Chemist: 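Quick one: structure below, then a few questions.
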Amino acid sequence: ASERLKGVDWSYQIPRPEPQVVNALLETVNYDDTIDVRLAAVDALRRLSIEAGVGARMASALDRQESPLVQIALIDALADSRSPEALPAIRRVAELKSVNPAVRAHAEAVMGRMR
């Protein structure tokens, strides 16, 4: 996990990361076994969310998350991105009965601020 965190940290040193770096961060968010590594990748993606397609891919990543911490981090990152996909993705989480109640409440609060 520490090596993967170093990889995520390395992405901050690149002013405009290549698409391969963005892809690697999104893969990390989607598939890494360690929640801390996924959270670090979400944080790294936050600054890149204005890039074309990144917001949509973060919205897709939100749909596949089971960790409440990662869900909340993605909700916040999506809200900050103001991408067109942000509100529908957050709404889907807020409407899922299987989602942690704290995550659902957070999604609803964020949606209220986005309107």
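Computed from a predicted model, the values in this text were never measured in an experiment.
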Chemist: How far apart are the closest heavy atoms of Gly55 and Leu78, and which atoms are they?
Modeler: O-CD2, 3.5 Å

Chemist: To the nearest 0.5 Å, how far apart are NE2 in His106 and CD1 in Ile72?
Modeler: 5.5 Å

Chemist: Mark yes or no for whether Thr34, through its side chain, and Asp36, through its backbone, hold a donor-acceptor pair below 3.5 Å.
Modeler: no

Chemist: Could you grab the distance from atom CG of Asn23 to atom CD of Glu27, nearest 0.5 Å is fine?
Modeler: 7.0 Å

Chemist: Any idea which heavy atoms bring Arg92 and Ala59 closest together, and the distance?
Modeler: NH2-O, 4.2 Å

Chemist: How many angstroms lie between CD in Gln65 and OG in Ser60, if you round to the nearest 0.5 Å?
Modeler: 11.0 Å

Chemist: Does any donor atom in the side chain of Arg38 or Asn30 lie under 3.5 Å from an acceptor atom in the other side chain?
Modeler: no

Chemist: Decide yes or no on side-chain contact (heavy atoms from CB on, under 4.5 Å) for Val21 and Leu48, but give the supporting numbers first.
Modeler: CA-CA 11 Å; Val21 174; Leu48 305 172; 5.7 Å; no

Chemist: Please determine whether side-chain contact (heavy atoms from CB on, under 4.5 Å) holds for the pair Leu96 and Arg104, giving the CA-CA distance in whole Å, both sets of side-chain angles, and the decisive distance to 0.1 Å.
Modeler: CA-CA 8 Å; Leu96 283 175; Arg104 195 169 37 250; 5.7 Å; no

Chemist: Any non-hydrogen side-chain atom of Met58 less than 4.5 Å from a side-chain atom of Leu26?
Modeler: yes

Chemist: Which heavy atom in Ala89 sits nearest to a heavy atom in Leu62, and how many Å separate them?
Modeler: O-CD2, 3.8 Å

Chemist: Can Val29 and Leu74 be said to form a side-chain contact (heavy atoms from CB on, under 4.5 Å), step by step?
Modeler: CA-CA 9 Å; Val29 170; Leu74 277 167; 4.1 Å; yes

Chemist: side-chain contact (heavy atoms from CB on, under 4.5 Å), that's the test. Do Asp76 and Arg46 meet it? Break it down for me.
Modeler: CA-CA 9 Å; Asp76 290 342; Arg46 262 186 126 116; 3.6 Å; yes

Chemist: Roughly how far, to the nearest 0.5 Å, is CE of Met114 from CD1 of Ile90?
Modeler: 4.5 Å

Chemist: Provide the closest heavy-atom pair for Val93 versus Val99 in the form atom of the first, atom of the second, distance.
Modeler: O-CG2, 3.7 Å

Chemist: With rounding to the nearest 0.5 Å, note down the distance linking CD in Glu66 to OG in Ser98.
Modeler: 9.0 Å

Chemist: With rounding to the nearest 0.5 Å, note down the distance linking CG in Asp33 to OG1 in Thr28.
Modeler: 11.0 Å

